[in-house]
Amino acid sequence: MSQVKIIPLGGVREFGLNSTIIEGPMGSVLIDAGLMFPNSTSTGIDQIIPDFSYVLENQEAFQGILLTHGHEDHIGALPYLLKDAPIPVYGHPFTLKLVERKLREYDMKGIDLIPVEAGDTRSLGGMEIGFMDVIHSTLGCFAISINTSEGMIVHSGDFKYAPEAYRDLASPIRLFMCESTNAEIDPKCSDEDEILGVIDSIVAKTSGAVVVSTFSSHVSRIKHLCDIAKKHDRKVSIMGRSMNQVVDIASDIDLLDVDPGSTIAPDMVGSMDRSQVMIICTGTQGETYSALSLISKGWHRFKVKKGDSVIVSARIIPGNELAIGRCIDQLLNFEAKVYYSDTARVHASGHATHDEIRKALRWLRPEILMPVHGEYRHMKALEDMGSEVADTDQQIVMSRPGQVWTLDKEGMHLSGDVPHGKCFVDGELTGDIKDVVLRDRRHISEGGFIVVFAAIDFNTLSIVIGPEIMCKGVVPASMEMEIMDNVRTKAMETIETYLVQNMDLIDIKARLKENLGRILKARLGKKPMIISVLMEI
């Protein structure tokens with residue numbers, strides 16, 4: 001059979017976890033292996049990655065992982081996948097340098113990292129793979145064409161402008177997997193020159209230090225910021241581990257040329273005249289230990305003050321509004337001027353405007369459109385745009401993670417599903433943290449916990465020790481004694497009542513949790529986690 005299967009493991013109906021399987025009759029490839037950063041409800045979780053069970057179980061069929069670009073939501077899950085499935089990785093040299101450093105941190109060796117350039121082709125799994133150069137907010141970005149037995153598939157990757165290479169593809173193509181980031185709302189500003197002009201004017205009128213936070217991967221913007229600093233006789237200090245790594249990598253492969261004489265080490269900033277300093281740093285999303293966050297808290301060696309300007313030159317990713325909002329408030333409290341996307345045009349989106357999306361759709365004229373890289377509302381907006389642009393009947397596939405879509409001569413149809421979901425990375429634990437663990441953590445964080453301990457003699461149907469009560473995070477110290485006395489009394493009544501009824505330990509524990517939960521909810525308006533430790537002697 002010549003069927004081709006498309007299986008998104010993530011990156012649809014969500015931001016992050018971008019990872020899609022293309023399965024042909026002779027083998028499979030995986031496009032990207034991205035992660036998702038946890039939100040405030042994912043207590044204690046470091047990162048979230050896709051469930052790669054299907055890839056691991058069928059790894060002998062996978063002939064390559066194709067990387068569209070080097071952002072974490074596209075490459076961040078690679079170490080967790082490659083440690084169990086050492087599949088060759090294809091990507092731009094810059095992207096592969098990022099991957100190489102990431103693998104080094106995990107002490108992983110022996111993975112084939114195969115560089116490709118725009119215009120290159122590779123034959124994998126009986127499919128002809130092509131790499132097309134696209135403009136995005138980092139270096140070395142690709143759209144990917146896959147010539148299969150069922151026609152041409154194009155994966156857009158993340159793109160700002162519809163690539164001219166689309167004109168060279170024989171249209172109509174069979175399937176276009178198109179990112180939908182900006183499909184819902186057309187970005188206010190998309191011109192990089194315009195936002196650089198705004199930043200230049202801010203620097204010109206700033207009497208103190210200038211702090212610019214941008215995405216560490218946005219090499220071209222970092223280069224332009226260095227040019228602006230030089231124009232205004234300011235030295236540049238790069239702050240933040242990830243940004244220093246990216247600058248080093250881009251410099252090593254001659255994709256970034258920064259004059260060493262125009263830069264200074266972070267520990268030298270304090271000795272400079274503030275009017276001669278520009279700091280370029282990480283922290284656009286208010287990440288806890290990023291340079292900008294540390295500066296905003298006053299924990300960094302560099303302190304902002306009146307006369308300084310802070311520019312947050314980045315899009316605020318949904319879910320990070322609270323963290324970056326708090327960061328901005330703290331910077332304002334130090335009397336610095338703060339400029340961000342809500343108050344000034346200091347960021348240009350790296351994703352396509354509506355006009356560029358429509359242009360890509362007109363050039364490719366896909367028979368089937370599959371929105372990716374967005375939540376459902378973004379995908380739905382792209383569906384509407386696709387219907388407007390299409391000059392013939394067009395099938396639009398609104399997929400979910402784990403669904404198996406089969407492409408054949410009749411079109412594309414749902415034909416099953418594979419194991420899928422989110423795996424949580426918590427320190428050294430990967431994939432072993434389940435939703436129930438997070439639920440327990442949230443429960444404890446919201447209501448605290450109470451431990452009830454008692455030893456029971458089932459021969460005499462009596463309590464020999466206890467019940468003893470311990471609580472943490474439930475009530476203020478001034479109320480604790482009274483509340484705990486009430487809990488102890490109710491626990492004793494419950495145990496004695498059900499002992500007489502000859503209930504076993506498991507049933508008594510359940511009744512104890514139920515009864516104590518009821519009285520605590522009535523008294524406190526919340527229900528702490530209740531842990532009962534009953535011993536039979």
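Each residue takes its place number in the sequence, starting with 1.
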Is there a donor-acceptor contact under 3.5 Å linking the side chains of Ser201 and Lys205?
-> no

Taking C-beta and beyond as the side chain, do Tyr376 and Met398 meet within less than 4.5 Å on heavy atoms?
-> yes

Beyond-backbone contact of Phe131 with Arg122, side-chain heavy atoms, under 4.5 angstrom = yes

Take Val211 and Cys281 through the test side chain to side chain contact (heavy atoms under 4.5 Å, CB included) and record every step on the way to the result.
-> CA-CA 7 Å; Val211 179; Cys281 66; 3.8 Å; yes

Compare all side-chain heavy atoms of Lys102 with those of Leu98 and state whether any distance is below 4.5 angstrom.
-> no

Is the closest basic N to carboxylate O distance between Arg167 and Glu164 below 4.0 Å?
-> yes

Would you mind reporting whether Leu9 and Thr20 have side-chain heavy atoms less than 4.5 Å apart?
-> no

Would you say Ser216 and Thr284 make side-chain contact, with heavy atoms under 4.5 Å?
-> no

Between Phe15 and His378, is a ring pair (Phe, Tyr, Trp, His ring centres under 6.0 Å) present by the stated rule, with each step listed?
-> CA-CA 10 Å; Phe15 280 115; His378 306 94; 5.0 Å; yes

In this structure, are over 12 heavy atoms from other groups packed under 6.0 Å from Arg400 atom CZ?
-> no

For Ala118 and Phe142, work out which heavy atoms get closest and say how close.
-> N-CE2, 3.6 Å

Presence of salt bridge, Lys380 and Glu375, under 4.0 angstrom = no

Out of His71, Glu72, Gln245, His136, which residue meets the side chain to side chain donor-acceptor pair (under 3.5 Å) rule with Ser217?
-> His71

Value rounded to 0.5 Å, distance of CG in Leu331 from OG in Ser309 | 11.5 Å

N-O pairing of Glu356 and Lys160 below 4.0 Å | no

Backbone N or O of Gly208 within a donor-acceptor pair of the Thr206 side chain at under 3.5 Å?
-> no

Test item: Lys472 side-chain N/O and Gly448 main-chain N/O as donor-acceptor pair under 3.5 Å | no

Rounded to the nearest 0.5 Å, what's the gap from NE2 on His347 to OG on Ser137? Could you check?
-> 7.0 Å

Modelled atom types, side-chain donor and acceptor of Arg315 and Ser341, under 3.5 Å = no

Is atom CE of Met272 surrounded by more than 12 heavy atoms (other residues, nucleotides or ligands) closer than 6.0 Å?
-> yes

Counting distance only, does the side-chain N/O of Thr343 pair as donor-acceptor with the main-chain N or O of Tyr340 below 3.5 Å?
-> yes

Go through the steps for Ile114 and Val89 under the test side chain to side chain contact (heavy atoms under 4.5 Å, CB included), then give the verdict.
-> CA-CA 6 Å; Ile114 303 166; Val89 180; over 6 Å; no

Side chains of Arg221 and Ser313: closer than 4.5 Å at any heavy-atom pair?
-> yes

Verdict with supporting geometry, Tyr90 and Leu67, side chain to side chain contact (heavy atoms under 4.5 Å, CB included) = CA-CA 6 Å; Tyr90 295 80; Leu67 301 181; over 6 Å; no

Considering all heavy atoms of both residues, which atom of Ala209 and which atom of Arg234 are nearest to each other, and what is their separation?
-> CA-NH1, 3.9 Å

In terms of heavy-atom contacts, Pro371 and Val12 come closest through O-CG1, 3.9 Å

Determine the minimum heavy-atom distance between Met132 and Val154, stating which atoms define it.
-> CE-CG1, 4.2 Å

Side chain proximity check, Ile238 to Val236, heavy atoms < 4.5 angstrom | yes

Between Leu35 and the options Ile49, Asp73, Leu78, Ile75, the side chain to side chain contact (heavy atoms under 4.5 Å, CB included) test singles out Ile49

Flag, side chain of Thr181 to backbone of His351, donor-acceptor distance under 3.5 Å | no

Do the charged groups of Arg104 and Glu100 touch, with an N to O distance under 4.0 Å?
-> yes

Please say whether more than 12 non-hydrogen atoms of neighbouring residues, nucleotides or ligands are located less than 6.0 Å from OH in Tyr289.
-> no

Salt-bridge criterion met for Arg377 and Glu383 (N-O under 4.0 Å) | no

How long is the gap from CD1 on Ile87 to CD1 on Ile65, to the nearest 0.5 Å?
-> 4.5 Å

What are the two closest non-hydrogen atoms of Ile22 and Ile31, and how far apart are they?
-> CG1-CD1, 4.0 Å

Donor-acceptor pair between Asp257 and Ser251 side chains, under 3.5 angstrom = no

Give a yes-or-no answer on whether the side chains of Asp355 and Thr353 include a donor-acceptor pair shorter than 3.5 Å.
-> no

Donor-acceptor pair, Asp186 side chain versus His354 backbone, under 3.5 Å?
-> yes

Donor-acceptor pair, side chain of Gln59 and main chain of Leu56, under 3.5 angstrom | yes

Does any non-hydrogen side-chain atom of Lys305 lie less than 4.5 Å from one of Phe334?
-> no

Taking atom CD1 of Ile311 and atom OG1 of Thr214, what is their separation to the nearest 0.5 Å?
-> 10.5 Å

Do Asp32 and His155 get their side chains close enough for a donor-acceptor pair, meaning under 3.5 Å?
-> no

Nearest heavy-atom approach of Ser156 to Tyr166 is CA-OH, 3.6 Å

Return yes if some donor-acceptor pair links the side-chain N/O of His224 with the main-chain N/O of Ser220 below 3.5 Å, else return no.
-> yes

Go through the steps to decide whether Ile279 and Val269 satisfy the test side chain to side chain contact (heavy atoms under 4.5 Å, CB included), and finish with yes or no.
-> CA-CA 9 Å; Ile279 293 168; Val269 171; 4.2 Å; yes

Do the charged groups of Asp308 and Lys337 touch, with an N to O distance under 4.0 Å?
-> no

Please lay out, stage by stage, how His74 and His373 fare under the test ring pair (Phe, Tyr, Trp, His ring centres under 6.0 Å).
-> CA-CA 10 Å; His74 295 261; His373 202 285; 5.4 Å; yes

NZ/NE/NH1/NH2 to OD/OE distance under 4.0 Å, Lys231 and Asp200 | yes

